[in-house]
Amino acid sequence: HVSYVSMIISILTFCIFLIGILCTKSECPNACSFHGRCGLYDVCHCYRNYMGNDCSQRVCPYGTAFTDTPKGDLNLDGTISGPNNNVVVNNEVYPFGTTEQYPQMIDSMGTVLANSAHEYRECSNKGICDRQLGVCSCFEGYSGSACMKMSCPAINGIECNGKGTCESAKNIATLDSSNVYSLWDKDSSMGCVCDPGYYGVSCENKRCKAYYDPIYFDFESSVRYSNWSYVIFTKSPVAVIEGNYSIIFSDYNNQHWRTAPIDAGARCGAIVSALESLPDGVIRPGTVRCVQWRDYHSITAQDEPILRSPNPFYGIKTTLTFPENPGALKPLQIDRFLDGRRPTLYATNTSSSAAASVGVFVYADGFSGEAVEYFTDKCIDVAVTLAEAASYHFLTGLTPIESRLLARCLGDADGSWDSFSAADRVLGANYSWDFGDAVNPHVVRLVDLTAQPLTDLCNGSANSVRDEGNSSTCRYGDGLASSRQRPPGFLAPLFFDPADGQFKLLTRPALDYGPTTQFAVFATSATAQLVSGHARVLTESQPYSDTVLTTNSSSAYSDFLGNVDCETSAANEQGALSGCVEKADLVFFVDPSLSAAAFRSNPKYLNLYRVQRTYVARPSQSDISAGVYLPHHNLNKIQLDKAITSEWTASDSARVYLFITRDLAAGSSSQLGFQYVSECSNRGNCIAEEGRCDCFTGFTAAACSFLHSVVT
């Protein structure tokens, strides 16, 4: 019996031993740290975001690499495979595989780029991965979970010095007239957007006060300052505009100042008072000039740049000038939503909801503010008058000697000093000059030589009303500095026609002046250049828009879309001449044909516009419904810094002209002109840490704008 029991125990022991042998399984390192599963050959297969032979290490977040690092032969096959060959699939770092060469990239034109970069990398290659925590420790100057953003510069630990906001490159572009930046670092590259009056990479500098250079002027010169007209209108003849609005005024540093509410029917006195009551001495009392038209529907063509017949608009027009606020200031803004989304300007006594809506136009006519004078070449001993022909205006009142002095003063027109239209001699000296033409017209500034002429642009106390038989006139610049006692002058493009010996204008300024009014002439070394003879300029359906369209105007280039921007239209291609349009360019628009239609549509006074952006957009639903464009049309648009004061349709031949302010003759990028509005008025040094002017000897005031003695 005992022997039988012993035998049974021995058999069971053997079975247990055998089962143990048969059931023994391989053991992975550290049981894969409970972050993976153990597979064949004792190899751990890690869960997502874990790595290492025992899955004990963490994978850090990935971002677009600022700087790439080479990967090499990842699969150890002895070759570096191409950018489309995926290798090392199911790798912990590359679970879906990766390429040994960087991914193939193409540009916006479909061209394959041989060198491409900015692949996804742990910590964006700008930090060290903490494998225990799976957290990136970013290098100095970078931040974010994957170190995927550049940090904005800080002073004493305060980002942007507390005088600005930290924004991405994409947002910075959007804030700048809704421009688009969509390169690889659009959300990664960061920079400070400084508050008005501050500048520098970390907004560490404060701007000093700016004013006119006090010794820039002579008797026949003048300055160009901000001149804005705004119209509050409705399209109903029986509607009454009621409520109130505010004017938003932008100063030299682009800081916005909002007036107290102004009644819808306010006259000049109340409007000027609201502006001159802004805090911090933004607008000095007694300096704003104003005139009004109380019946905008009956305004005449002499007083309105764009006047449709019949005029569909009813309301009040107000023109304001700011002689003591120098520089290229942004247009006034009319805020008619003082209660949030509810309009505080509204129309009553009308049965039509469409006509009850209230609209606003804001535009400059004849001149606007500037900081740089490009028309520095005074034509000595030349005085001209204006005359009208059937389809153009021209300069007259010139003696034979004055004509030659003017020709010598005009000089080059196309930026090429090795070829000219003619050569002559005056006052014992030889000279060469270009006549100018539709491709390269001359541009001049004409200044009224009448000493302090009468004007109805008076200060607020006069309450000037042009269409009510106004008799409240004043002397131009009464109460202002001598440099502001002359009219600002206006710009005019012109060319000389040797067939009849006339200097012909492409604008219509003679409509406002008598035949005996004399003008001083100021020429420029800048060049006016037609961009393309095949790109027609069109204005939008609503007048006084800040955007124009360009379309193909000929059959010479059937695939040309009328685009003149530098991104998609290179110079000397598709009929384009030596230029193209891009942001920050100075441009103007005229129809150079001298036809009767061109005479009617060209502006009375030439405005120079600063390009804010060029872009392509789809047509509006209203234009599609009206059959103006098809839904699939792409419209080439140029957005400007202020409203266009002309209307051009497909029947016109308006063109885009560049006003090139770099020195073409020198073959360099040096800029022409003289900056007569600047910090410390050019007569002191700005202490940027304090925003204070250190004036030169003989000059005083906060902006060094006062010459208090003559120093020899």
Partners meeting ring pair (Phe, Tyr, Trp, His ring centres under 6.0 Å) with Y252 (sequence neighbours left out)
none

Do other residues, nucleotides or ligands put more than 12 heavy atoms under 6.0 Å from F34 CZ?
no

Applied to residues 675-685, the salt bridge (charged side-chain N to carboxylate O under 4.0 Å, His left out) test, sequence neighbours excluded, yields R207-E679, D213-R683

Side-chain donor/acceptor of S678 to backbone N/O of N682, under 3.5 Å:
yes

Ring pair (Phe, Tyr, Trp, His ring centres under 6.0 Å) partners for W184, two or more places apart:
F66, H118

Is K642 positioned over the aromatic face of Y609, cation under 6.0 angstrom from the ring centre and no more than 45 degrees off axis?
yes

Quick check: does any side chain N or O of D68 sit under 3.5 Å from a backbone N or O of E119, one acting as donor and the other as acceptor?
yes

With no hydrogens and no angle check, do the side chains of R613 and Q639 hold a donor and an acceptor under 3.5 Å apart?
yes

Review item, side-chain donor-acceptor pairs of residues 125-141, under 3.5 Å, at least two apart:
| from | atom 1 | to | atom 2 | distance (Å) |
| --- | --- | --- | --- | --- |
| N125 | ND2 | T67 | O | 2.7 |
| D130 | OD1 | Q132 | N | 3.0 |
| D130 | OD1 | L133 | N | 3.2 |
| R131 | NH1 | R58 | O | 3.1 |
| R131 | NH1 | E122 | OE1 | 3.4 |
| R131 | NH1 | E122 | OE2 | 2.7 |
| R131 | NH2 | E122 | OE1 | 2.9 |

For E540 and T547, test the side chains for any donor-to-acceptor distance below 3.5 angstrom and give the result as yes or no.
no

Residue pair V362, I334: steps toward the side chain to side chain contact (heavy atoms under 4.5 Å, CB included) verdict:
CA-CA 8 Å; V362 179; I334 307 301; 4.0 Å; yes

Could you check whether E689 and N205, counting side-chain N and O atoms only, form a donor-acceptor pair closer than 3.5 Å?
no

Side chain to side chain donor-acceptor pair (under 3.5 Å) filter on D335, not counting sequence neighbours, yields R258

Of all the heavy-atom pairs spanning Y181 and L183, show the shortest one and how long it is.
OH-CD1, 3.6 Å

Mind checking ring pair (Phe, Tyr, Trp, His ring centres under 6.0 Å) for F337 and listing every partner two or more places apart, or none if nothing turns up?
none

Please enumerate all residues that pass side chain to side chain donor-acceptor pair (under 3.5 Å) together with S202, with sequence neighbours excluded.
E204

We want to know whether R655 and S553 form a side-chain donor-acceptor pair, criterion being a heavy-atom distance below 3.5 angstrom.
yes

Checking side-chain polar atoms at under 3.5 Å, does S554 have a donor or acceptor matched by the opposite partner on H534?
yes

Who are the side chain to side chain contact (heavy atoms under 4.5 Å, CB included) partners of D77, not counting sequence neighbours?
D73, N75, T79

Under 2.5 Å between the SG atoms: is that true for C44 and C32?
yes

Heavy-atom distance under 4.5 Å between the side chains of T98 and L74, does that happen here?
yes

Heavy-atom closest pair (V548 atom, T539 atom, distance to 0.1 Å) is CG1-CG2, 4.4 Å

Residue set satisfying side chain to side chain donor-acceptor pair (under 3.5 Å) with Y544, at least two apart, ordered chain then number -> E304

Do D565 and T568 have a side chain donor and acceptor closer than 3.5 Å?
yes

Considering all heavy atoms of both residues, which atom of S681 and which atom of C704 are nearest to each other, and what is their separation?
CB-O, 3.9 Å

Looking at G82, is its backbone amide N or carbonyl O close enough to the side chain of N85 to form a donor-acceptor pair, meaning the two atoms are under 3.5 Å apart?
no

Establish, from distance only, whether the side-chain atoms of Y676 and E370 form a donor-acceptor pair under 3.5 Å.
yes

Tell me, please, which residues at least two apart from Y198 pass ring pair (Phe, Tyr, Trp, His ring centres under 6.0 Å).
none

Can a donor-acceptor pair be found between the side chains of T165 and E167 at a distance below 3.5 Å?
yes

T259 meets the side chain to side chain donor-acceptor pair (under 3.5 Å) criterion, sequence neighbours left out, with none

Verify whether one side chain among S56 and D54 offers a donor that lies under 3.5 Å from an acceptor in the other.
yes

So, does N53 use its side chain to make a donor-acceptor pair with the main chain of P29 at under 3.5 Å?
no

Please confirm whether the backbone N or O of Y374 pairs with a side-chain atom of T524, one donor and one acceptor, at under 3.5 Å?
yes

Among pairs that include at least one residue of residues 141-165, which meet salt bridge (charged side-chain N to carboxylate O under 4.0 Å, His left out), considering only residues two or more places apart or in two chains?
none

Kindly give the heavy-atom pair with the smallest separation between C147 and C123, and that separation in Å.
CB-O, 3.3 Å

Checking side chain to side chain donor-acceptor pair (under 3.5 Å) against S250, which of Q255, K330, H256 comes through?
H256

